[in-house]
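A quick write-up on the structure given underneath.
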Number of protein chains: 2
Amino acid sequence: MDEKLTTDQKRLARMLKALGNPIRFQIVEYLATSQTCITNDIVRLLPLAQSTVSQHLKVLREAGLIKGEIEGPATCYCIDTDGIQWLKDQIGNWLPECCAPALPKALIQP
Amino acid sequence: MDEKLTTDQKRLARMLKALGNPIRFQIVEYLATSQTCITNDIVRLLPLAQSTVSQHLKVLREAGLIKGEIEGPATCYCIDTDGIQWLKDQIGNWLPECCAPALPKALIQP
DNA sequence: CAGCTTTATCGTAAAATTACGATATGGACG
DNA sequence: CGTCCATATCGTAATTTTACGATAAAGCTG
């Protein structure tokens, strides 16, 4: 217990913290559905100032949940597939002592 | 986007937020390994005041991640298996648009 | 080049979280 | 009953997070 968290655990906690904010959670969900990587649209859709949204995007970026790419005058954000996948794997194998991993639906009802 | 989060999404975000704090993350991991539900031990192992630990336990309890049961003069905390399982299921099926759920190890190498 | 659009960053105010000590409650035990 | 032990809660200080406006950078377009 007194031993520090591992690098992976710290990364995981960072991701969870980033997603724990409802606004950021919404942003990630939105980016996941709108395949096209929108950026200023997010600002328009949220009741927040542009600078605030930009900060949230930064948090998500630094947590490895989304990726930003400068595209002309704008910036194009999209889901960081690898990061999300890593998170899902981590949670899937988390606490095996107490909870077995759930079967993917596809395997339950092929 | 402007539509509010669903009840489930709010519950999920609440859990993620609770786990996003490294101290609370540690507590959950500790409770998962120490099958016996300890309570004051956590206080002794963490470099925090008893009242602070009690507060963290409250947050975890209200997020549905752990359960507390009064046992004589002490309180016995343990993992809320249902809650953790729910969380894992949610994350496992999260954002199916962008990431397929990972196969449990048991199915990859039976 | 000048003006427009889109973003990021900075400084700062407001709000929330985190931590502590003090205090109250309630069970065990002499 | 009085004392100890374990916990929860309250009030409050310190820290962090969240939000905003202002400003700067960088790329289009006329």
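Proteins come first, then strands; the chains are lettered A, B, ... in the order of their sequence lines, and each starts at number 1.
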Inset, instruction - Return the value, rounded to whole Å, for the distance between atom NZ of B:Lys58 and atom C1' of C:dA16. - result: 15 Å
Inset, instruction - Rounded off to whole Å, could you give me the CG-to-C1' distance for the A:Asp41 and C:dT7 pair? - result: 14 Å
Legend entry - Heavy-atom side-chain proximity of A:Ile42 to A:Leu31 below 4.5 angstrom: yes
Inset, instruction - Could you check B:Gln9 against A:Glu29 for side chain to side chain donor-acceptor pair (under 3.5 Å), going step by step and ending with a plain yes or no? - result: CA-CA 10 Å; B:Gln9 287 173 323; A:Glu29 295 234 314; 2.4 Å; yes
Legend entry - Within 6.0 angstrom of A:Glu97 CD, more than 12 heavy atoms from elsewhere: yes
Inset, instruction - Would you indicate whether the side-chain heavy atoms of B:Trp94 and A:Leu19 approach each other to under 4.5 Å? - result: yes
Inset, instruction - Specify the separation, in whole Å, of atom CZ of B:Arg14 and atom P of C:dA16. - result: 14 Å
Legend entry - Length of the line joining A:Leu46:CG and D:dA19:P, which is rounded to integer Å: 10 Å
Legend entry - Separation of atom CG in A:Leu57 from atom P in D:dT18, rounded to whole Å: 13 Å
Inset, instruction - Grab the two heavy atoms, one from B:Leu5 and one from A:Phe25, that are nearest each other, plus how far apart they are. - result: CD2-CD2, 4.0 Å
Legend entry - Side-chain donor or acceptor of A:Arg14 paired with backbone N/O of A:Glu62 under 3.5 Å: yes
Inset, instruction - For A:Thr75, answer base if it contacts any base atom (sugar-phosphate contacts may also be present), sugar-phosphate if it contacts only those atoms, and nothing otherwise; contact means non-hydrogen atoms under 4.0 Å. - result: sugar-phosphate
Legend entry - Separation of D:dT18 C1' from A:Ile27 CD1 (nearest whole Å): 12 Å
Inset, instruction - Quickly work out the A:Ile38 CD1 to C:dT5 P distance and round it to whole Å. - result: 19 Å
Legend entry - Nearest-nucleotide 5' precedence on DNA chain C, B:Glu71 against A:Cys76: A:Cys76
Inset, instruction - Pick out which of B:Arg24, B:Gln26, B:Arg61 makes a side chain to side chain donor-acceptor pair (under 3.5 Å) with B:His56. - result: B:Arg24
Extract from the structure each pairing of a protein N or O with an N or O of nucleotides 17-22 of chain C at less than 3.5 Å, listing the distance.
from	atom 1	to	atom 2	distance (Å)
C:dT17	OP1	B:Lys17	NZ	2.8
C:dT18	OP1	B:Asn21	ND2	2.9
C:dT18	OP2	B:Arg24	NH1	3.1
C:dT18	OP2	B:Arg24	NH2	3.3
C:dA19	OP2	B:His56	NE2	2.4
C:dC20	OP2	B:Ala49	N	2.7
C:dC20	OP2	B:Thr52	OG1	3.0
C:dC20	N4	B:Gln55	OE1	3.2
C:dG21	N7	B:Ser51	OG	3.2
C:dG21	O6	B:Ser51	OG	3.1

Legend entry - OP1 or OP2 of D:dA8 under 4.0 Å from side-chain N/O of B:Tyr77: yes
Legend entry - Proximal nucleotide (of D:dT7, C:dA8, C:dT6) relative to the A:Ala74 side chain: C:dT6
Inset, instruction - Grab the CZ-C1' distance between B:Arg44 and D:dC5 for me, whole Å please. - result: 11 Å
